[in-house]
Amino acid sequence: GRGFAFRRKQKVERQYRKLLKKRRQVHSQQADQFTETYPEHLKHLYLAEEEKLKKRRRTPGDSVSSEEKLNRAADGCDVYCYVYLMIISISRMCIFSSRSVVTQEKFKNKTSNQKAKEEYEKIKAEHARKKEEAEKRKQQREEAQRLYKKKKMEAYKILSKKTKKGQPNLNLQVEFLLQKIQQNT
């Protein structure tokens with residue numbers, strides 16, 4: 001029959017298959033890790049930066065792109081070599097892109113003094129706006145009070161008129177009430 005050597009051979013084959021399966025899983029995870037991991041709302045920026053870096057790396061006399069070099073290297077090398085080359089190229093892109101981001105941020109960032117000045121200007125403008133609004137409200141209120149007092153005074157003059165004998169003038173009071181009723185309707 002089949003002896004211990006055959007069982008040992010089968011055991012080694014199983015372990016080898018397990019190892020290959022693990023390596024395939026690790027490889028697929030690594031490949032996924034470096035492809036579509038950009039956030040959806042920033043994807044176009046990353047892709048544009050990548051294109052810019054590709055154009056910068058190419059020289060006018062160089063007809064072979066870096067992707068073609070990687071493809072040629074992958075033909076003569078196993079999968080792990082290809083993954084290694086991909087990791088190196090991506091790390092180079094990350095280094096270049098981080099340098100450009102840092103230089104752009106230097107010009108965009110403001111010093112704390114500039115930020116404080118801007119904040120002060122905003123607060124000052126807000127206070128001026130609020131003060132102007134308060135002044136307008138005060139003027140409107142004063143105008144309304146002036147008109148109210150004027151009407152009151154006219155009504156008082158009409159209603160307080162007396163006859164020669166000192167009696168209230170009822171004719172003027174009735175006319176005043178008639179005018180008031182006509183204005184309301």
From NZ (Lys21) to NZ (Lys18), nearest 0.5 Å
9.5 Å
Filter on side-chain hydrogen bond (donor to acceptor under 3.5 Å, both in side chains), then keep only pairs touching residues 145-159, sequence neighbours left out; what's left?
Glu143-Arg146
Not counting sequence neighbours, which residues clear salt bridge (Lys or Arg N to Asp or Glu O under 4.0 Å) with Arg17? List them please.
Glu13
Let's go through Arg14 and Lys11 carefully: what are the C-alpha distance in whole Å and the side-chain angles of both, what is the deciding distance for side-chain contact (heavy atoms from CB on, under 4.5 Å) to 0.1 Å, and is it a yes or a no?
CA-CA 5 Å; Arg14 268 196 307 274; Lys11 185 179 177 184; 4.1 Å; yes
Lys115 and Lys110 have their tightest heavy-atom pair at CE-O, 3.6 Å
Rounded to the nearest 0.5 Å, how far apart are CD of Gln179 and CD1 of Ile158?
6.0 Å
Does Arg129 pair with Glu126 as a salt bridge, N-O distance under 4.0 Å?
yes
So how far is it from Glu133 CD to Glu135 CD, rounded to the nearest 0.5 Å?
12.0 Å
In a check of side chain to side chain contact (heavy atoms under 4.5 Å, CB included) between Leu172 and each of Leu170, Val174, Asn169, which one passes?
Asn169
If you count the non-hydrogen atoms of other residues, nucleotides and ligands that lie under 6.0 Å from NZ in Lys162, is the total more than 12?
yes
Could you measure the distance from the CD atom of Gln182 to the CG atom of Leu177? Nearest 0.5 Å is fine.
11.5 Å
